[in-house]
Asks: 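I have a structure I would like to understand better, so I am pasting it below and will then ask my questions one at a time.
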Amino acid sequence: MIPYEFEVKEIVKSKGVRVEPYCIVASNSNTALEECLSEISPPYVVKAQVRGWGRAKAGLVKFAEDREEARRGVAELFARTFGGAPIRYVMVSKRLGILRELYLSVMVNYAPPYILLLASRSGGVEVEEQASRDGVLRIKIDPFEGVRDYMVRYISKFLDVPLDPLRGILEGLYSAIWDYNLHLLELNPLAVTENGIIALDAKAIVDDDALEQNPRLGEIRSRYESELTDEEALARKMGFSVVLLNGDTAVIGNGAGLTMATLDALVSLGGSPGLFLDLGGGASAERVKAAMSLVLGKLSIKRVLVNILGGITRCDEVAKGVVEALKESGRRDMKIVFRLSGFREEEGRRILEDYGIRAFKSFEDAVREVVR
Amino acid sequence: MGIIVGENTRVLVQGITGRQGMLHTGEMLKYGTRVVAGVTPGKGGGKIHGIPVYDSVREAVETHPEIDTSIVFVPAPAAPDAVYEAIDAGIRKIVVITEHIPVHETLKFVSYARSHGALIIGPNTPGVITPPKCKVGIMPGEYFKPGLIGLMSRSGTLTYEVSLHLMERGLGVSTAVGIGGDPITGVTFEDVYTLFARDPETKAVVLIGEIGGNKEEQFAEFYSQLEEKKPVVAFIAGRSAPPGKKMGHAGAIVYGSAGSYSNKVKALTEAGVRVASSLSELADLVREIL
């Protein structure tokens, strides 16, 4: 999950990394904006808060010389969207005089597993491209050792910044990724100003699997949950995984790999996937019914391909859940194609046949039938 | 023969009194796996399917020194502790079925296991099966027929599906290893391939990958540098997945070009791995090779 800039800034600030003066306004609050503007002196930067990268390119960062211009900027940003989501928060911050822009990040490297520290002499929007041109310093950190002093010396020399503030920043970032279960924590740009080194933007990726477990993530989690769409909230509650796509065919399977492979097979035969839904392992009839009802509620979906390979998952539970959802919805304009194999297959097949749905034994036959 | 587990494997079940632990202990016993003990802190003294339950791993291995493998069904918040306990009690093969363990925890216990010479399979794995002798996992045994193909996979159900496709063409499996669907896993494709390379009964290896991360790219780099190679055929799921969306697995997400389908196929193909675009093609390619 990608938290907002202001949430990440709160984290890095608590770890001793300096940030510029800023305040946050939520879409419904004018008094908050006036209070905010009176606390910070112009000039301003006005930034939409988004869950993702590419904000500046999308025109969601504005500069303002005075309060009036900042008010206009805030209003404009609230009228915009990012990746289909409305803008819910805008940050107004003090615009600082920048001598140099740098890039610094700490991330979890997956394979092989270690913590990776990246430093680049050029920060800003095109950091990936600039980094490959300009060179980037990569340092591996052992999780049982943490940040060693020689690492601070290497980076200090590479970035040409003094040891002392840098040591604090690096140790702060390293401790933040453990305390808040971050896959990535990035300061870009990290600015050298006349008043010292300041993080002008901060981005992070939070481990979804830590959201429930880590009490420090409580506030970030509840804000995130309050913004979920109905589908996402249902999926989270029922324990399945759903991704909306543009086509007319829903693909339901048990297991991420199998569901993805089903999606691929559908596309290769000319089908157009409209929804990906992984039931996960051991789905009950209740969970399957909720999943199927979600699919039935989408008018853009005209065909459904259900691919079940029953191991922990019982074929009869899946069949029962689907049939119950169909009976309740009353939608008759859908083509439902099933593939059933494995645990309690015969029982599942019987339940479906009683309702007039034929279940295929083979994966490929079912995919061919749904695109036909 | 097979790798990792076989007829001499003696299994401890951690979390044996939980719903999944209890169910799959029964299934493993039915398959013929020699489960000798279980552990659930605070529930020692009883029996599950006739198997004695202990309060700690230490007690279990003191009473049953033949234990060489553990399978972990402990829920995510307590699972890392269970893994450390098994490593510290001297168990050298640990199969972690548990899903949703935070990646930072996995990073630490995987590093700890490596420095202690222990092999972690998973987390978020269906386990390991050497048909028809032993399964330490949750996979349905009837989908695996003994044979000459080593399977290694990031995905559970897709492993069963691939094995089923092989069976339909008269082919079987030496061992199937689920390395796990999480971004960080204990054993890697390189580790598992190396074990298959030493196994005289394994004639070819099937790699089942998916989009996201760089596990397939890492394997490709490793494989391209080998002097002697057993043939490898691969299938990568998620060709049609949109970028930036998590496709069911914690590891299955593409940011930019890193971890994309085309990156993986390119790396594997250049390394000399044949990549199939469908499961039927995969089974055909394997049959051609043998």
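So you know, we letter chains A, B, ... as the sequences are listed, proteins then strands, and number each from 1. Just so it is clear, the structure is predicted and the values come from calculations on it, not from any experiment.
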Asks: Evaluate whether atom CZ of R169(B) has more than 12 neighbouring non-hydrogen atoms of other residues, nucleotides or ligands under 6.0 angstrom away.
Replies: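 Result for CZ/R169(B): enclosed.
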
Asks: So which part of S240(B) gets closer than 4.5 Å to some heavy atom of chain A, the side chain, the backbone, both or neither?
Replies: both

Asks: Pick from V243(A), V108(A), L277(A), L211(A): which one has the most heavy-atom pairs with chain B under 4.5 Å?
Replies: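 Most pairs with chain B among the choices: V243(A).
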
Asks: Keeping the roles fixed (side chain from D264(A), backbone from R239(B)), state whether a donor-acceptor pair exists under 3.5 Å.
Replies: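 Yes, the answer is positive, given that a donor and an acceptor are paired below the 3.5 Å cut-off.
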
Asks: Go through the atoms of K108(B) and report whether side chain, backbone, both or neither lie under 4.5 Å from a heavy atom of chain A.
Replies: both

Asks: Side chain, backbone, both or neither: which part of F363(A) has a non-hydrogen atom closer than 4.5 Å to chain B?
Replies: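 Answer is side chain: those atoms of F363(A) sit under 4.5 Å from chain B.
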
Asks: Looking only at heavy atoms, which two atoms of A237(B) and A261(A) are closest? And how far apart?
Replies: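 Reported closest heavy-atom pair: CB-N, 4.2 Å.
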
Asks: If you look at every heavy atom in S280(B) and E364(A), which pair is closest and at what distance?
Replies: OG-OE2, 2.9 Å

Asks: Considering only heavy atoms, which portion of I236(B) lies under 4.5 Å from any heavy atom of chain A: side chain, backbone, both, or neither?
Replies: backbone

Asks: Of the backbone (N, CA, C, O) and the side chain (C-beta and beyond), which part of L245(A) lies under 4.5 Å from a heavy atom of chain B, both, or neither?
Replies: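 Contact with chain B is through the side chain of L245(A) alone.
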
Asks: Go through the atoms of N109(A) and report whether side chain, backbone, both or neither lie under 4.5 Å from a heavy atom of chain B.
Replies: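 N109(A) touches chain B through backbone heavy atoms alone.
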
Asks: Distance from I211(B) atom CD1 to M260(A) atom CE, nearest 0.5 Å?
Replies: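 Reported to 0.5 Å precision, the distance equals 5.0 Å.
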
Asks: List the steps and the verdict of side chain to side chain contact (heavy atoms under 4.5 Å, CB included) for L164(B) and S341(A).
Replies: CA-CA 10 Å; L164(B) 197 61; S341(A) 175; 4.1 Å; yes

Asks: Look only at the side chain of T157(B) and the backbone of N254(A), and say whether a donor-acceptor pair between them is shorter than 3.5 Å.
Replies: yes

Asks: Pick whichever of E210(B), E27(B), M139(B), E105(B) has the most heavy-atom pairs under 4.5 Å with chain A.
Replies: E210(B)

Asks: Can you tell which of G209(B), P140(B), G238(B) has the highest number of heavy-atom pairs within less than 4.5 Å of chain A?
Replies: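 Among G209(B), P140(B), G238(B), the one with the most close pairs to chain A is G238(B).
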
Asks: In terms of heavy-atom pairs under 4.5 Å, which option from K215(B), H165(B), H24(B), R154(B) contacts chain A the most?
Replies: H165(B)

Asks: Counting N and O atoms only, with roles assigned by atom type, does the side chain of Y143(B) sit under 3.5 Å from a partner on the main chain of G311(A), one being a donor and the other an acceptor?
Replies: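 Not at all, since once roles are kept as given, no pair shorter than 3.5 Å links the two residues.
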
Asks: Heavy-atom distance under 4.5 Å to chain A: side chain of Q20(B), backbone, both or neither?
Replies: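 Looking at Q20(B), just its side chain touches chain A.
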
Asks: Would the number of heavy atoms belonging to other residues, nucleotides or ligands and lying under 6.0 Å from CD of E227(A) be above 12?
Replies: yes

Asks: Check this for me: N246(A), atom CG, are more than 12 non-hydrogen atoms of other residues, nucleotides or ligands nearer than 6.0 Å?
Replies: no

Asks: Counting only non-hydrogen atoms closer than 4.5 Å, does S111(B) touch chain A with its backbone (N, CA, C, O), its side chain (CB onward), both, or neither?
Replies: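 Backbone plus side chain of S111(B), per the 4.5 Å heavy-atom cut-off to chain A.
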
Asks: Quick check on V103(B) against chain A: is it the side chain, the backbone, both or neither that has a heavy atom closer than 4.5 Å?
Replies: both

Asks: How far apart are the closest heavy atoms of F144(A) and Y112(B), and which atoms are they?
Replies: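 Looks like CE1-N, 3.9 Å.
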
Asks: Got a donor-acceptor contact below 3.5 angstrom from the N214(B) side chain to the A111(A) backbone?
Replies: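 Yes, because the side chain of N214(B) sits within donor-acceptor range (under 3.5 Å) of the backbone of A111(A).
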
Asks: Could you walk me through whether E99(B) and D209(A) pass the side chain to side chain contact (heavy atoms under 4.5 Å, CB included) check?
Replies: CA-CA 9 Å; E99(B) 197 181 352; D209(A) 287 331; over 6 Å; no

Asks: Among T188(B), T185(B), I184(B), which residue satisfies the side chain to side chain contact (heavy atoms under 4.5 Å, CB included) criterion with P113(A)?
Replies: I184(B)

Asks: Sort out for me which residue in W178(A), Y114(A), Y180(A) forms a ring pair (Phe, Tyr, Trp, His ring centres under 6.0 Å) with H104(B).
Replies: W178(A)

Asks: Between L309(A), D207(A), I177(A), L263(A), who has the most heavy-atom pairs with chain B when the cutoff is under 4.5 Å?
Replies: L309(A)

Asks: Please determine, among I115(A), L182(A), T262(A), the option with the most heavy-atom pairs under 4.5 Å with chain B.
Replies: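 If we count pairs closer than 4.5 Å to chain B, L182(A) comes out on top.
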
Asks: Walk me through it: do E161(B) and R339(A) pass the test salt bridge (Lys or Arg N to Asp or Glu O under 4.0 Å)?
Replies: CA-CA 12 Å; E161(B) 184 75 60; R339(A) 183 277 183 118; 2.6 Å; yes

Asks: Do you know which of Q218(B), E190(B), R114(B), E142(B) has the most heavy-atom pairs with chain A at a distance under 4.5 angstrom?
Replies: Q218(B)

Asks: At a 4.5 Å cut-off on heavy atoms, which part of M247(B) comes close to chain A: side chain, backbone, both, or neither?
Replies: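 Both backbone and side chain.
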
Asks: Between K245(B), H100(B), E168(B), which residue shows the highest count of heavy-atom pairs closer than 4.5 Å to chain A?
Replies: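 Max contact count across the listed options: H100(B).
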
